Amino acid sequence: MRGGTSKGAYFLAGDLPAGPAERDDLLLRIMGSPDSRQIDGLGGAHPLTSKVAVVARSDRPGIDVEYLFLQLGVEEATVSDRQNCGNLLAGIGPFAVERGLVAPGGDETSVRILMVNSGGVATATFATPGGAVRYAGGTAISGVPGTAAPVLLDFEDTAGSAAGALLPTGNVRDVVGGVPVTCVDNGMPVVVAAAADLGATGYETPAELAADTALRDRIQALRLRAGELMGLGDVSGAPVPKTTLLAPPRDGGAISTRTFIPLRVHDAIGVLGAVTVATALLMDGAAGRDLADLPAPGEPLAIEHPTGRLDVRVELDGTAVRRAAIVRTARRLFDGTVFPRPPSDPPG
Ligand code: NQM
């Protein structure tokens with residue numbers, strides 16, 4: 001399914017091996033990792049298309065389904081559950097109805113989803129006229145051609161998803177290697193900094209940023225140190241924290257962004273990444289807040305990114321999160337049987 005601006009393989013948990021080692025080995029073979037083109041598998045040769053959702057019915061009170069997100073490396077044989085994905089999340093409700101995990105609820109269905117990676121809960125609401133998921137609709141999201149039916153995602157308990165606290169260093173602002181940063185986690189651990197403080201304009205294209213190896217080295221040094229301060233330990237092989245560089249808005253939004261996931265440049269920005277960056281901007285003293293043109297309280301905050309903008313609704317009470325919501329679209333692309341690459345011969 002496409003979920004938002006990501007694409008992944010969605011599985012029923014019961015169809016995969018229960019042990020994580022066996023499961024991960026199978027998923028790497030299914031997606032074609034490690035290989036820069038993922039030529040022998042389903043992956044799309046980019047972190048945003050090398051994703052897996054594992055979905056199961058839940059017996060927890062007030063929860064319909066449980067969603068485990070797995071980020072597969074493209075060139076590396078890695079499978080990480082250390083981050084969430086708010087984009088694939090958009091496909092979870094429709095998938096749950098398609099697979100009979102949740103009964104459709106009339107013209108519209110709401111599915112309560114436990115995001116296993118973080119323990120947070122999201123409610124997805126989408127059209128199910130006549131008891132079938134409707135994918136066609138008039139909602140456009142930046143980074144996806146055309147329009148589709150909207151999926152409204154309302155988040156709960158996103159603060160401290162992976163780093164344990166909204167402000168994992170205990171500060172709204174830190175200085176890391178001479179660069180003022182805000183280390184924040186409202187669904188995604190992100191290091192937020194002004195682009196100018198890292199020698200960038202913040203308006204470069206993703207290709208220009210990808211070609212700037214000196215900038216990449218500065219970002220890596222920054223996130224390694226910030227990762228430690230955030231209590232994430234050695235993050236050299238981890239997908240988090242991400243880094244988002246800020247510049248004044250140019251398209252009528254609140255802020256312009258360029259995001260590294262964690263070193264590849266995002267063509268847009270992740271959902272929970274955007275929620276997290278918006279949260280930082282709402283806090284007095286946050287790094288780069290002076291660059292923002294903030295909306296009136298209660299209005300959506302538009303995060304500009306290389307391929308458009310993403311509007312998020314975040315409400316804070318001081319530094320406590322009251323609400324975070326976003327609209328995405330999702331689409332079923334294919335339903336069938338995958339034939340994984342066979343396991344490699346045992347050594348010797
Ligand atoms: O931030 C990219 C994406 C993501 C994750 C990433 C995401 C999110 O665009 O919620 O969706 O940050 O690796 O899908």
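All residue numbers in this chain count up from 1 along the given sequence. These figures come from a predicted structure and were not determined experimentally. Counting starts at 1 for both ligands and their atoms, following the listed order.
- One N or O on the side chain of Asp64 and one on the backbone of Arg112 form a donor-acceptor pair closer than 3.5 Å.
- For the ligand labelled ligand 1, residue Gln71 lies outside the 4.0 Å heavy-atom shell.
- For Lys51, a nitrogen or oxygen atom sits less than 3.5 Å from a nitrogen or oxygen atom of ligand 1, counting backbone and side chain alike.
- Atoms of ligand 1 lying under 4.0 Å from any heavy atom of Gly273, numbered from 1 in the order shown and given with element: 1 (O), 8 (C).
- With ligand atoms numbered from 1 in the order given, ligand 1 contributes 1 (O), 8 (C), 10 (O) to contacts under 4.0 Å with heavy atoms of Leu272.
- Any N or O atom pair closer than 3.5 Å counts here, and Leu48 shares no such pair with ligand 1.
- Residue Gly86 has at least one nitrogen or oxygen atom sitting less than 3.5 Å from a nitrogen or oxygen atom of ligand 1, judged on distance alone.
- Between Ser6 and ligand 1, a contact under 3.5 Å exists for at least one N or O pair.
- Checking only distances, His266 does come within under 3.5 Å of ligand 1, N or O to N or O.
- Of the N or O atoms in Cys85, none lie within a sub-3.5 Å distance of an N or O in ligand 1.
- In the displayed structure, Arg331 atom CZ is contacted under 6.0 Å by at most 12 heavy atoms of other residues, nucleotides or ligands.
- At a threshold of 4.5 Å between side-chain heavy atoms, the hydrophobic network of Ile, Leu, Val, Met, Phe, Trp and Tyr places Leu281 and Met188 in one connected group.
- Exactly one residue among Thr319, Thr182, Asn186 makes a side-chain hydrogen bond (donor to acceptor under 3.5 Å, both in side chains) with Thr279. That residue is Asn186.
- By the 4.0 Å N-to-carboxylate-O rule, Arg332 lies close enough to Glu98 to be salt-bridged with it.
- Classification of Arg341 and Asp35 as a salt-bridged pair fails, no side-chain N sitting under 4.0 Å from a carboxylate O.
- Close approach of ligand 1 to Ile261 (heavy-atom distance below 4.0 Å) involves ligand atoms 6 (C), 12 (O), 13 (O).
- Looking only at heavy atoms of the protein, atom 13 (O) of ligand 1 is closest to Lys242 NZ, 2.9 Å.
- Within the 3.5 Å criterion, the main-chain N or O of Gly298 finds a donor-acceptor partner in the side chain of Arg313.
- Applying the 6.0 Å contact sphere to CZ of Arg216 captures no more than 12 heavy atoms from other residues, nucleotides or ligands.
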